[in-house]
Each structure stands twice: as structure tokens, then as C-alpha cells.
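First comes the structure, then the notes that go with it.
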Amino acid sequence: MAHRFVVIGGGPAGNQAATTAARLGARVTMIERDVIGGAAHLRDCIPSKAMIATGGAMNDMRRAIGMGLGAVEPVLDLDGLRDRIGGIEDRLERSVSGLLADQGVRIIAGRGRLVGPHEVEATPLDGGAPEIIAADTVVLATGSRPRIPDFAEVDGARVLTTRDAYPPPALPEHLVVIGSGVTGVEFVHMFSAFGCAVTLIVSRQQVLPQKDPEVAAVLEDHFLSRGVKLLKGARAEGLDVTNDGVAVRCDDGRIARGTHVLLCIGSIPNSEELGLDEADVKTDGGYVVVDHNCRSSVPHVYAAGDLSGKLPLSSVASMQGRKIAEHALGLHRGPHRHLDYEKAASAIFTDPEIADVGLVEADAFASGRKVRVTKVPFSASAKALINDDWRGFVKIISDPATGVVLGGSIVGQHAAELVSVLALAVTAGLKVNDIVESLLVHPALAESLADAAE
């Protein structure tokens, strides 16, 4: 009998688990209550990056004068942007659905929950009778949703979550953003690029508090140059809404006023109604506790993606899904490479872009670890000068004794693409000389990687 593999959730983790398991010969059933491709992925990640790309194009047009062209002031077509985002979402959903169908995955539009040691109940969204599905392996990949603080009542008009802003019904005249992490700064970038006045409430003394201070400083300088107001050391604790605006009250007495407010203060896992307590699946703050194989406290039940409480990245979720299928179907009986979350590359799609991987300089110094840190500004890059955008730098962290690349940070044009070279070096244990001795294209931004590795 084929291995019975049941996936609850059709986001990046669930899709990868399902297609990998199907290729390995399992009989796969997927239960998805919302959209194939994942609500957080298709209705958060992808729309935000599409809007950021539009904002980036507008900024590029404004910088045209530096390329020997006449000055251009772009005009945003909000309806056109909305259609563009919808088209991208539809195309990706069709692509994922087609791949699952080609692999023979059975898809149930409904809600899934654990009801027995090896049984999953699927309740169809169309009101049909619940179905009990036998499972040798269950993968929980139900994702997360935006966190809403107690002091805020979301109305989708003036008080917005991220999912209300792709794009919002009308462009805000003055947007107040609560939250200066990755999501918050990306929204600051996109809406300031659209021409909106923006105020960012920063609860600590720098944006991106988990990132390298030098990286954060470059972004802060750029925000300030575009007129963004930063309220540092302020924590939002109250919100008043009027007919024509909002007022965010902070714990230090300051008040941030605007026409709209956007909540970017993290997410919470979609773990309710999964039957976790009844199935003795251990959780911590709503996240499923997993081991290095993404296996829960119940051996045949796995969790991946945001629900696992690991890095909330689509790339990580997809890799978790693949590893789960391989482990459940016996491919990992012998030695193999486990997921190492500390070696995951990540990017922030602001202008300039920010990307990093591996060891962070501040963490190395805090732990007393000896490292070699080399840094090269893009102002020394011929390609950056040709592009008329030399903001930022490349920083590489390596072991001073062996030369092994331990990590790195990039701020600048195409940082999200360039960091792939450092990610490969960190994952494969390459040395700085391996980068230095690579024959790279000239002129290219990637040359700065070799310069920083010297």
C-alpha cells in the first residue's frame, strides 16, 4: 500500500511537501481552506514585492536625471497596480495548482484537523459532509496571520493590517506605520516611493533592531532623505480614529498623527482548530514544537512554515516541506544534511535593498568570537557608478585562521540577488579565496564581493 501522506495547508511548505512526497510514490491529499499557494505568500509576500517593484520603478524614474535624461515625475495608477497584483497572484496560483494536479495530489477545499492517532478530518467549505482520511504522515502547514494589538480595531479603511494594503482602497495622504521590523520598513519604502508622507514608530533606537547597526544606518539615512519621520524609542499603546485621520499615542507621551495607520507588528500562528491538544501535539505560544526533522512530539506529525516557529521565510518553509517528505518516506535513514537555520539567507526589499546570511558581526563580538571583517563600499564599483547608484556596501565575515566564510551583509542595488553567492559560500564552507579567485564579470556589482573577500 502506498504511504498515505496528508498535508493541511497549501502554502510554500505544504506544496513542497506534497509534490516531493508524490514524486517519492506517496498517495498525497492536501486540505486547504483558503488559496492554493498560501494566503500569507500570495496575499502578503507576493503583493508587497509587486508594490515594492512599482515603487522602485518610480524611484528609478526620479533618478533619471542622473543618467543624462530629463527629469521625470511618475504618476501612480492605483487601479492599474491593483490589476497587476491580481494578475500575478492568479498566475502563481494556477501554476502551483497545476503542478499539484500533475503530481496526482488530491486537493480538498476545506478545513483539516487531527481527530485520531492516524486520522484527519476534512470539512469541505461547500458545506458537504466531513470526511475522515487515514494518514501515515500528517504535515501541518497552516501558516500565520497578522497580529493585531489590543488597542487597535482594524476597519480596513483607516486602520489597516498588511493584507488591507495591497494596495489600500485609496492612497494615504499621511501613513503612520507601527513596527520597524522587516515588514514595517518595506511598507515605509513603498508608500514613500508612491509619494505619501510617512511616519515610522520605532520602539528601539534603530530600525531593524535585529540587523547590523551599519546596515540599519544606511536605510535610516535614506528614509530621512525622503522626508520620512522616525519616532525612535517610542512604543505605540493607543489609537484614536476620527473622520479625517488617526492619532497613535506612544508610551513616552508623543503622538503620531496621520490619515491612516498600518499595523506591522508581527504575526501569530494559525494553530487553532487543528486538534493539537487532543492529539497531544506540543505547542509553545501557538507554534508547534519541532525537532531538527520538523517532527512534532507525535512522531508521524510534522509542522513546517510559520507554524513551526522557525524563520518565517518562504524559502525556509519550502525546504522544510521537502525535508519532511524525504524523512517521512525513508530517505534520511543514513547521514544527511539537516536544515541549518543560521545559514538561511534573507532579504529586505527596501531601497536600497538589504540582504544577509550567516554570522552577524555584532553577535560574533558579543560572544567573544574572533572573526575577520572586511567591508567594501559600492562607491568603489564601476558598475554602481554606471548605474548612478552607489549607496551601500558589501561586508564579509570570515574565520581569521581558516578563511572560511561565516557570513555577510549587503546593502545596495540587487542585494537580494548578490547574497546568493555568500549563501552558497556559507552553506558549502567555502573560503574567501574561493570568491577572490573566481573570474567574475566586469563591470558588475558582484565584483564587490571579490573585493570584500580580499
Side-chain angles (χ1 to χ4, degrees), residues 48 52 55 146-154 158-162 165 172-194 196-242 245-268 285 311-312 346-356 360-367 391-393 395 409 411:
S48 72
I52 287 168
R147 186 167 74 87
I148 301 172
D150 294 337
F151 63 76
E153 185 174 339
V154 175
R158 292 201 179 277
V159 182
L160 312 171
T161 69
T162 54
E173 180 181 335
H174 188 154
L175 181 67
V176 178
V177 178
I178 302 177
S180 59
V182 172
T183 303
V185 298
E186 287 188 341
F187 273 99
V188 169
H189 156 57
M190 74 171 77
F191 279 101
S192 63
F194 293 159
C196 304
V198 180
T199 296
L200 176 62
I201 297 178
V202 184
S203 62
R204 302 188 190 181
Q205 292 305 313
Q206 72 169 55
V207 301
L208 300 172
Q210 304 303 320
K211 296 295 182 181
D212 185 319
E214 284 189 292
V215 169
V218 173
L219 186 60
E220 287 184 6
D221 288 345
H222 185 64
F223 280 169
L224 293 172
S225 72
R226 284 161 58 176
V228 174
K229 185 177 181 180
L230 303 179
L231 266 63
K232 290 188 177 182
R235 188 176 297 276
E237 63 176 15
L239 174 61
D240 300 314
V241 182
T242 64
V246 297
V248 180
R249 290 177 275 112
C250 300
D251 59 354
D252 60 0
R254 284 182 286 177
I255 297 177
R257 301 183 187 277
T259 58
H260 299 71
V261 62
L262 179 64
L263 306 173
C264 299
I265 51 176
S267 60
I268 56 177
L311 291 177
S346 64
I348 304 171
F349 293 89
T350 48
D351 181 13
E353 287 185 353
I354 295 169
D356 58 22
V360 177
E361 181 182 4
D363 291 343
F365 289 142
S367 65
R391 295 169 297 168
F393 57 83
K395 179 187 289 186
S409 300
V411 183

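Treat the numbers as computed from the prediction; the structure is a model and nothing was measured.
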How many angstroms lie between [atom1] in [X] and [atom2] in [Y], if you round to the nearest 0.5 Å?
| X | Y | atom1 | atom2 | result |
| --- | --- | --- | --- | --- |
| L175 | M190 | CG | CE | 10.0 Å |
| F223 | T350 | CZ | OG1 | 6.0 Å |
| L200 | I178 | CG | CD1 | 10.0 Å |
| R235 | C250 | CZ | SG | 10.5 Å |
| I201 | K229 | CD1 | NZ | 10.0 Å |
| D252 | K232 | CG | NZ | 14.0 Å |

D351 bridged to R391 by N-O distance under 4.0 Å:
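So D351 pairs with R391 through a salt bridge.
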Do [X] and [Y] make a side-chain contact, defined as non-hydrogen atoms from C-beta onward lying under 4.5 Å apart?
| X | Y | result |
| --- | --- | --- |
| P146 | S267 | no |
| D212 | K395 | yes |
| L160 | V154 | no |
| H189 | H222 | no |
| V228 | T199 | no |

For R226 and S192, which I'm curious about, is there any donor-acceptor pair between the side chains at under 3.5 Å?
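A pair is found: one side chain offers a donor N or O, the other an acceptor, under 3.5 Å apart.
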S346 and D356: side-chain contact (heavy atoms from CB on, under 4.5 Å), yes or no, with the steps? CA-CA 6 Å; S346 64; D356 58 22; 2.9 Å; yes
Taking all non-hydrogen atoms of both residues into account, name the closest pair between [X] and [Y] and its distance.
| X | Y | answer |
| --- | --- | --- |
| V185 | V182 | CG2-O, 3.3 Å |
| V218 | P352 | CG1-CG, 4.1 Å |
| G233 | D251 | O-OD1, 4.4 Å |
| I348 | K211 | CD1-CE, 3.9 Å |
| R249 | D240 | NE-OD2, 3.0 Å |
| S203 | S180 | N-OG, 4.3 Å |

Main chain of V207, side chain of E220: is a donor-acceptor contact present, judged purely on distance under 3.5 Å?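 Yes: the side chain of E220 pairs with the backbone of V207.
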Item to complete: Give a yes or no on whether the backbone of A216 and the side-chain of Q206 come within a donor-acceptor separation of less than 3.5 Å.
Response: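 It does not hold such a pair.
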Practice problem: Please step through side-chain contact (heavy atoms from CB on, under 4.5 Å) for the pair L239 and V241, ending with a clear verdict. | Solution: CA-CA 7 Å; L239 174 61; V241 182; 4.3 Å; yes
- Message: One pair to check against side-chain contact (heavy atoms from CB on, under 4.5 Å): F349 and I354. What are the steps and the verdict?
- Response: CA-CA 7 Å; F349 293 89; I354 295 169; over 6 Å; no
Check your understanding: Any idea how F194 and F191 line up, ring-wise: parallel (<30°), tilted (30 to 60°), or perpendicular (>60°)?
Key ->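 Rings of F194 and F191: perpendicular, as their planes differ by over 60°.
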Can you give the donor-acceptor pairs under 3.5 Å from side chains of residues 255-264 to other protein atoms, not counting sequence neighbours?
unit_1, atom_1, unit_2, atom_2, d
T259, OG1, E173, N, 3.2
T259, OG1, H174, N, 3.0
T259, OG1, H174, O, 3.0

Between L231 and V202, does a side-chain contact (heavy atoms from CB on, under 4.5 Å) hold up when you go through it step by step? CA-CA 6 Å; L231 266 63; V202 184; over 6 Å; no
Within a radius of less than 6.0 Å around CZ of R254, do more than 12 heavy atoms belonging to other residues, nucleotides or ligands occur?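 Enclosed.
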